[in-house]
*Asks:* 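Pasting a structure below so you can have a look.
Each residue takes its place number in the sequence, starting with 1.
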Amino acid sequence: IPESARLLEGVGRALKASVGLLLVLILFNLILGLAACHFFGEAAPQYFGDPLVSMYSMFKVFTVEGWYEIPDQIAAQAGPLAGYGVRAFFVMAVLTGGILGLTLTTAVFVDEMVMDNNAAVEKQLRAVQDELAEIKALLTKAPSDPLHTDSSD
């Protein structure tokens, strides 16, 4: 693999940067999975009858796989008001766990992976900034009036 050392270094950085977010997502999935098991275990035992299966089902919801089919099945068995509550629970799970959580974790991971690509550009930018500072220093030392002649000449 070309530049495998750089790739492995990027993966290491990305894992370090996103481990906290991954732990938060796992904890959030655990909480939602247990809540779904408690609330929907009898209505949809194939998805929420067991806490581990419930956590897997909630992870599927996070990844937007069947996120509307599962609440529709549960809402069909519940009354109209409970159906809105079921759908609201799953919309909240998709928005917070899927769209916000997984995309944020992915963004941090990718950003850390490509961070070394920016290192060369940042080095060049610093060099340009240093040169501009030197030019500015020279200009401030020079006489402001180019037509000005020193009487000592």
Side-chain angles (χ1 to χ4, degrees), residues 1-140:
I1 300 175
E3 298 193 40
S4 61
R6 195 175 110 193
L7 178 65
L8 288 175
E9 183 181 318
V11 169
R13 264 194 329 271
L15 288 174
K16 286 178 188 175
S18 55
V19 72
L21 288 170
L22 289 171
L23 290 175
V24 167
L25 275 176
I26 290 170
L27 179 65
F28 188 59
N29 187 32
L30 172 73
I31 291 168
L32 284 181
L34 292 175
C37 182
H38 175 74
F39 292 126
F40 313 125
E42 292 178 15
Q46 71 273 25
Y47 297 117
F48 305 109
D50 176 75
L52 290 177
V53 173
S54 181
M55 287 175 55
Y56 174 69
S57 297
M58 289 310 299
F59 182 75
K60 283 175 44 177
V61 168
F62 281 5
T63 60
V64 194
E65 182 180 325
W67 77 273
Y68 60 90
E69 297 166 353
I70 296 171
D72 284 349
Q73 287 178 4
I74 297 169
Q77 297 174 7
L81 187 59
Y84 289 120
V86 168
R87 289 184 178 101
F89 176 85
F90 283 95
V91 165
M92 184 269 313
V94 168
L95 289 176
T96 56
I99 295 174
L100 184 64
L102 289 178
T103 32
L104 182 63
T105 303
T106 303
V108 168
F109 192 87
V110 169
D111 187 50
E112 288 296 320
M113 284 286 293
V114 298
M115 190 171 90
D116 59 346
N117 293 347
N118 298 335
V121 173
E122 288 174 5
K123 186 177 178 182
Q124 290 173 345
L125 179 63
R126 280 190 207 102
V128 168
Q129 287 174 333
D130 291 343
E131 286 180 33
L132 286 174
E134 289 175 16
I135 292 170
K136 183 178 178 183
L138 289 173
L139 288 175
T140 56

*Asks:* Do other residues, nucleotides or ligands put more than 12 heavy atoms under 6.0 Å from the CZ atom of Phe59?
*Replies:* no

*Asks:* State which residue, out of Leu25, Ile31, Asn29, fulfils the side chain to side chain contact (heavy atoms under 4.5 Å, CB included) condition with Leu27.
*Replies:* Ile31

*Asks:* Would you name the heavy atoms of Leu32 and Ala93 that are closest together and state the gap between them?
*Replies:* CD1-CB, 3.9 Å

*Asks:* Considering the options Ile26, Leu102, Thr105, which one meets the side chain to side chain contact (heavy atoms under 4.5 Å, CB included) requirement together with Leu21?
*Replies:* Thr105

*Asks:* Keeping the roles fixed (side chain from Ser54, backbone from Gly33), state whether a donor-acceptor pair exists under 3.5 Å.
*Replies:* yes

*Asks:* Partners of Phe39 by ring pair (Phe, Tyr, Trp, His ring centres under 6.0 Å), sequence neighbours excluded?
*Replies:* none

*Asks:* So how far is it from Glu122 CD to Gln129 CD, rounded to the nearest 0.5 Å?
*Replies:* 10.5 Å

*Asks:* Once rounded to the nearest 0.5 Å, what's the spacing between atom CZ of Phe90 and atom CD1 of Ile74?
*Replies:* 4.5 Å

*Asks:* Atom CD of residue position Glu42 - does it have more than 12 heavy atoms of other residues, nucleotides or ligands inside 6.0 Å?
*Replies:* no

*Asks:* Do any pairs count as a salt bridge (charged side-chain N to carboxylate O under 4.0 Å, His left out) and have a residue in residues 91-108, sequence neighbours left out, and if so which ones?
*Replies:* none

*Asks:* Could you walk me through whether Val91 and Trp67 pass side chain to side chain contact (heavy atoms under 4.5 Å, CB included), step by step?
*Replies:* CA-CA 8 Å; Val91 165; Trp67 77 273; 4.1 Å; yes

*Asks:* Using 0.5 Å steps for rounding, measure from the CD atom of Glu134 to the CD atom of Glu131.
*Replies:* 7.0 Å

*Asks:* Would you give the length of the straight line joining atom CG of Leu139 to atom CG of Leu132, rounded to the nearest 0.5 angstrom?
*Replies:* 10.5 Å

*Asks:* How many angstroms lie between CD1 in Ile135 and CG in Asp130, if you round to the nearest 0.5 Å?
*Replies:* 11.0 Å

*Asks:* Where do Phe48 and Ile70 land on the side chain to side chain contact (heavy atoms under 4.5 Å, CB included) test, with the steps shown first?
*Replies:* CA-CA 10 Å; Phe48 305 109; Ile70 296 171; 3.5 Å; yes

*Asks:* Assess whether side chain to side chain contact (heavy atoms under 4.5 Å, CB included) is satisfied between Leu100 and Leu95, documenting all intermediate values.
*Replies:* CA-CA 6 Å; Leu100 184 64; Leu95 289 176; over 6 Å; no

*Asks:* Give me each pair satisfying salt bridge (charged side-chain N to carboxylate O under 4.0 Å, His left out) with a member in residues 16-40, each pair once, sequence neighbours excluded.
*Replies:* none

*Asks:* OH of Tyr47 to CD of Glu69: how many Å apart, nearest 0.5 Å?
*Replies:* 6.5 Å

*Asks:* If you look at every heavy atom in Pro51 and Leu34, which pair is closest and at what distance?
*Replies:* CB-CD2, 3.8 Å

*Asks:* For Tyr56, is the OH atom crowded, meaning more than 12 foreign heavy atoms sit under 6.0 Å from it?
*Replies:* no

*Asks:* Taking all non-hydrogen atoms of both residues, which atom of Gln77 and which atom of Ala43 are closest, and how far apart?
*Replies:* OE1-O, 2.7 Å

